[in-house]
There are 2 protein chains.
Amino acid sequence: MKQPTILDVAARAGVSKSLVSLVMTDPSRVGEANRKAVLEAAKDLGYRPNAVARSLVQRRTGVIGIVLSDLHNPFFADVADGIEAAASERGYRAMLSSGFLDPKRERSAITTMLELRVDGLIIMGSMMKVGRIEGVATALPVTLVGRHTRSKRLDSVCTDDAAGAREAVAHLAELGHTRIAHIHAGSAAGSPRRRRGYEKEMIKRGLVDRIRVFRGDFTESGGAKAMIEILNSGDMPTAVFAPNDAAALGAMEVIDDAGLDIPGDISLIGYDDLTLSGLPRISLTTVGQPRTDLGREAAQLVLERLDEGREDARHVVVPPSLVIRSTTGPPPGDADAQPSEDPQ
Amino acid sequence: MKQPTILDVAARAGVSKSLVSLVMTDPSRVGEANRKAVLEAAKDLGYRPNAVARSLVQRRTGVIGIVLSDLHNPFFADVADGIEAAASERGYRAMLSSGFLDPKRERSAITTMLELRVDGLIIMGSMMKVGRIEGVATALPVTLVGRHTRSKRLDSVCTDDAAGAREAVAHLAELGHTRIAHIHAGSAAGSPRRRRGYEKEMIKRGLVDRIRVFRGDFTESGGAKAMIEILNSGDMPTAVFAPNDAAALGAMEVIDDAGLDIPGDISLIGYDDLTLSGLPRISLTTVGQPRTDLGREAAQLVLERLDEGREDARHVVVPPSLVIRSTTGPPPGDADAQPSEDPQ
DNA sequence: ATTGTAGAGTGGAACGTTCCAATACGCATG
DNA sequence: CATGCGTATTGGAACGTTCCACTCTACAAT
């Protein structure tokens, strides 16, 4: 099991370790004969450069760490794709770790990344306070995905959650809804803004006293639980705005199980536009975010600091877009149904 | 940005670097006064042990690498959860990398893991040939998830894919189906066995000449494409057995779009039992695998080699279980409908 | 007084690379 | 024939830890 080192290769090829190192990094700078000898020796021995030793002397690992809150949320998978693509174009590789929706485990995932000395860190859907994350940003470039901040110490990229939420509520209001409830995900990344957007739009439309907010989270089961509460609240809304698609799916399940019709009895709207949500069976109205672009942008921000020496914080906000499908419609008993916004 | 080292801490605390090292690993072996001084100095400086340097001297990283073929497949997320849980219980941490459904990129992901000197490797849903992976297993413990092999050099854990496939076909046959088509995913992990299970059961039931196999893959779009081909084949089956749930969802979408009813016109069955598949709107009949357990078992296999010195290969096969939901029913025009197997 | 022992702390080698300054060698130039 | 120069190669110092063998001190046992 003992792995061969550069010295073993050097000995076998009859050259110095420095020459082997040269061949491994830039073969063109080495004479024909020696190059061949080294490559052959390396192959014979099954030599693989030890990135640990290399990182130690170079004081860089070439790895961008990604910490995400939930491996199950396909939203992150797309963002991660974007990050990986951008990173590998620039000679970095991405390594991923999950926070399992638990601030403590997220913290420990981040610590691990720091100890491994990743060159940059991208944190998505964080459950932690921005303040704590800022502390980390003194050691390496950090980009937050999906969370708004004006921090001077780290970068961020997200969609305008408040605007997305307002669009969602506006869409419902224009369909004639007034009793619009919102499920929120506490202080998890993005959630506070979406909630505020919901509230603002409700206020703007004169629906202040119709504001109903229920606590859930960004998962299917969180959405389901909140929906059960809504159904039991004795104050049934005609529309529900979920904090994301995963939660919306959970809510949908509860509504279906209760024998209610979507959107006949209750309209439902999510956030994220997962591929899944576009399935005909689901056809969830939702607020879309350009996921892969979000990821590319996040990687770009890290790389700018790493390779171009940028020092000042940048915060990128991209606009969300409402995707109207078939889980939203006029409220029940609405005489003037079929307005132009009605899907299908 | 320059990070403090153990020497900085030692200087500030007025002790030797060795003492600092001791405090960091086992504070109880150090005198009260010095321990406090060291901890305070470390805190003041924001010292974080450099895992790269530590790994170099210890010749271990404490990291279990996970390489999976597709970040989007929630199946892997659950398995990864299991791995992470088992690993962290034993003091290891898990780090993840995606192969993006491309054997080349998978190879490069594995190379990266090897260069980073992870202590063990778990490969899920691999697109590579087992032979190539075996080469890797000489350097560290490797466990394959979801792929059958009798290799003497690496471990594996998977469900009995052939048995699962046969159960699926048997279920359809008992409902009265004879024209049962199968979408397969080429040589991707698990697919060949499922295909063979399908064929065997078809033969056993005297349906040899009804065997129809279409090429797809383990993704939604792969399933959709194959389904389009099936619909255009001019030989419409009454049931389709997809290689996994993701592909089944793609197929479902195509069937829905074609205006056909599931299971009225065509029955559909998947493999994996994603959480998603249990949603009332989807309610996909499928073959279930104990995902988290699969992950725990995989981690266990790696850890046995790492910490207990096991040398011989172990291959764990766990039984799959058919989950009957509402995408399967009697074939159209079947007079004696509603057999006892009918769901609901 | 001598010896032994335990506890606390230290210095230096090692881990496997990269990088830099230095060397060796050939060959053209004056 | 000395000089200079470019190319190919080398040895040694880093990188930041851990680990081991060792020293030092205090104190108990003989």
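Below, each value reflects all heavy atoms present in this structure, side chains not excepted, and no hydrogens, waters or symmetry copies. First the proteins, then the strands, lettered A, B, ... as listed; each starts at 1.
- Atom CG in B:Leu19 sits about 15 Å away from atom C1' in D:dT17, given to the nearest Å.
- The side chain to side chain contact (heavy atoms under 4.5 Å, CB included) with A:Leu301 is formed by just one residue from the set A:Thr143, A:Val145, A:Leu144, A:Leu154; it is A:Thr143.
- A donor atom on one side chain and an acceptor atom on the other are not found under 3.5 Å apart for B:Ser69 and B:Glu106.
- The CZ atom of A:Arg117 sits 9 Å away from the P atom of D:dG16 (whole-angstrom rounding).
- For A:Ile6 and C:dC19, the CD1 to P distance is 11 Å, given to the nearest whole Å.
- Protein atom CG of A:Leu56 is 9 Å distant from nucleotide atom P of D:dT17, rounded to whole Å.
- Among the protein residues, B:Val52 comes within range of no part of the nucleic acid, since none of its heavy atoms lies under 4.0 Å from any strand.
- Within 3.5 Å, a donor on the side chain of A:Lys17 pairs with an acceptor on the base of D:dG12, or the reverse.
- Neither OP1 nor OP2 of C:dC15 sits under 4.0 Å from any side-chain N or O of A:Asn50.
- At most 12 heavy atoms of other shown residues, nucleotides or ligands fall within 6.0 angstrom of atom CZ in B:Arg132.
- Here the side chain of B:Arg54 is nearest to one of C:dG9, D:dT17, C:dT17, namely D:dT17.
- Across the protein-nucleic acid pair, A:Leu22 atom CG and D:dT7 atom P stand 14 Å apart, rounded to whole Å.
- No donor-acceptor contact under 3.5 angstrom links the side chains of B:Thr292 and B:Asp78, judged on distance only.
- Rounded to whole angstrom, the span from the CG atom of A:Leu7 across to the C1' atom of C:dA14 amounts to 12 Å.
- What separates CZ of A:Arg60 from P of C:dT18 is a distance of 12 Å, to the nearest Å.
- Among C:dT18, C:dC15, C:dT10, the nucleotide with an atom closest to any side-chain atom of A:Thr25 is C:dT18.
- For the pair A:Asn34 and D:dT9, the criterion of a side-chain N or O lying under 4.0 Å from OP1 or OP2 is met.
- In the set C:dT17, D:dT10, D:dT18, the nucleotide with an atom closest to the side chain of B:Gln58 is D:dT18.
- At least one side-chain heavy atom of B:Met95 sits less than 4.5 Å from a side-chain heavy atom of A:Thr112.
- Residue B:Ser18 places a side-chain atom within donor-acceptor reach of the base of C:dG11, judged by atom type and a 3.5 Å distance cut-off alone.
- OP1 and OP2 of C:dG11 both lie 4.0 Å or more from every side-chain N or O belonging to B:Ser16.
- Rounded to an integer number of Å, the gap from NZ of A:Lys36 to C1' of D:dA8 is 18 Å.
- One finds no side-chain N or O of A:Thr5 lying less than 4.0 angstrom from the OP1 or OP2 phosphate oxygen of C:dG16.
- Comparing atom distances between the A:Val15 side chain and each of D:dT10, C:dT18, C:dA14 picks out D:dT10 as nearest.
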